[in-house]
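Data block below; observations after.
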2 protein chains.
Amino acid sequence: MNSLDHQIIGLLSEDAKRSLADIGQHVGLSPSSVNERIRRLTETGTIRRFTVDLDPGKLDRSTLAFVWIALRDDADESAFRQYAVDHPLILECHHVTGSWSYLIKIRVGAITEVESFISDLKAHRFLGRSETVIALSSAVDGGFLRKNRL
Amino acid sequence: MNSLDHQIIGLLSEDAKRSLADIGQHVGLSPSSVNERIRRLTETGTIRRFTVDLDPGKLDRSTLAFVWIALRDDADESAFRQYAVDHPLILECHHVTGSWSYLIKIRVGAITEVESFISDLKAHRFLGRSETVIALSSAVDGGFLRKNRL
DNA sequence: AGTGAAAAAATATAAGT
DNA sequence: ACTTATATTTTTTCACT
């Protein structure tokens with residue numbers, strides 16, 4: 001991982017459809033060399049995958065909410081984690097420091113879905129207490145490590 | 001945006017390097033049709049861009065922190081938002097409901113950088129109060145809207 | 001909207017420095 | 001490691017249904 005790799009990563013995260021030739025021009029390498037570096041970055045796991053950045057609003061997921069969770073004392077924590085992995089609305093679920101045990105980030109179509117989300121947590125007997133925070137607007141979003149963020 | 005588009009989006013978000021032919025096989029369309037649908041999804045902004053999912057750990061950004069911010073009473077809020085946009089460590093910055101005004105998500109190489117991050121907020125006279133929560137581990141991460149999350 | 005065929009472009013491979 | 005040249009695959013375009 002040297003400076004060239006960083007540059008390549010920066011260009012790819014900005015637009016992964018750039019051709020190897022185009023990237024090569026920017027960083028001063030031939031297409032084959034760029035190709036080989038991307039292959040290695042992918043192999044070593046620095047690049048996890050090529051993907052698309054989607055607009056949540058266009059996919060009926062305009063509402064962003066953060067839900068703090070305190071698990072029940074008798075909750076099966078590994079079952080909870082698996083539940084989070086499988087849950088279609090949960091984008092992030094972090095075990096955190098502080099007075100809450102987990103911070104969950106969800107995107108839903110409407111605020112009413114937050115309520116059913118929490119009800120479901122209760123029904124599964126995971127939930128002790130919770131507190132929900134709604135995002136009114138986002139100055140920065142995307143969640144990616146981006147070009148100017150490396 | 002019909003079911004075929006959703007399927008295509010799902011496949012792309014899983015692996016945006018799949019060929020049009022491959023996607024076509026899965027959804028039952030010709031490569032040209034898939035191409036046309038992806039073109040339209042991109043044009044309408046449903047697909048914002050093609051990008052790469054990077055491993056923060058491999059890029060010296062292993063530490064994930066959430067910083068709750070209450071702005072100073074006299075803070076210039078639009079200046080703060082611009083500061084957030086320009087800041088290299090800030091992955092997300094949301095204006096939120098509740099007793100805090102903003103929730104910021106940052107990824108840093110080491111926990112010590114969180115301190116300098118907050119000092120800088122203070123130096124810019126944005127910060128009233130703040131509270132930092134560190135992620136100890138993540139059951140779900142990535143931040144993308146993913147295949148099974150549409 | 002979708003298809004199939006042809007053209008254009010991009011990627012992957014291999015031989016040489 | 002990188003480059004150039006070649007082979008292969010993919011993407012794009014277009015005439016037609």
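Below, chains carry the letters A, B, ... as their sequence lines are ordered, and counting in each starts from 1. Remember, it's a predicted structure, so these values are computed and weren't measured experimentally. Only this structure's heavy atoms are used, side chains among them; waters, hydrogens and symmetry mates stay out.
With the nearest nucleotide of DNA chain D identified for both A/K17 and A/R37, A/R37 has the one nearer the 5' end. Heavy-atom distances to DNA chain D give each of A/V34 and B/P31 a nearest nucleotide, and the one nearer the 5′ end belongs to A/V34. Each of A/L20 and B/N2 was assigned the nucleotide of DNA chain C with the nearest heavy atom; the assignment lying further toward the 5' end belongs to B/N2.
Atom pair A/D15:CG and C/dA10:P shows a separation of 12 Å (rounding to whole Å applied). When rounded to the nearest whole Å, the span between CD1 of A/I38 and C1' of C/dT11 equals 10 Å. Taking atom CD1 of B/I8 as the reference point, atom C1' of C/dA1 lies 12 Å away to the nearest angstrom. Between the C1' atom of D/dT9 and the CZ atom of B/R18 lies a distance of 17 Å, rounded to the nearest Å. Protein atom CZ of B/R40 is 16 Å distant from nucleotide atom C1' of D/dT12, rounded to whole Å. Look at CD on A/Q25: it is 12 Å from P on D/dT3, rounded to the nearest Å. Distance B/E36 CD to D/dC14 C1': 12 Å, rounded to the nearest Å. Atom CD1 of A/I23 and atom C1' of C/dA10 are 11 Å apart (whole Å).
The base of D/dT4 sits with one of its N or O atoms less than 3.5 Å from a complementary donor or acceptor on the side chain of A/S32.
Distance from the side chain of B/L29 is smallest to C/dG2 among C/dG2, D/dT13, C/dA12.
Ring-plane geometry between A/H87 and A/F117 is classed as perpendicular, the angle between the planes exceeding 60 degrees on a 0 to 90 degree scale with a lower cut at 30. Ring geometry, B/F66 versus A/F66: the interplanar angle exceeds 60°, so the pair is classed perpendicular (tilted spans 30 to 60°).
A/S30 has no side-chain polar atom (N or O) that falls below the 4.0 Å cut-off from OP1 or OP2 of D/dT4. OP1 or OP2 of C/dA12 has at least one side-chain nitrogen or oxygen of A/N35 nearer than 4.0 Å.
Test A/D15, A/D53, A/T51 against B/R49 for side chain to side chain donor-acceptor pair (under 3.5 Å) and you get one pass: A/D53.
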Intermediate values then yes/no, salt bridge (Lys or Arg N to Asp or Glu O under 4.0 Å), A/R39 and A/E36: CA-CA 5 Å; A/R39 198 199 57 71; A/E36 171 60 16; 3.1 Å; yes
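Looking at A/Y83 and A/D120, their side chains do bring a donor and an acceptor atom within 3.5 Å of each other.
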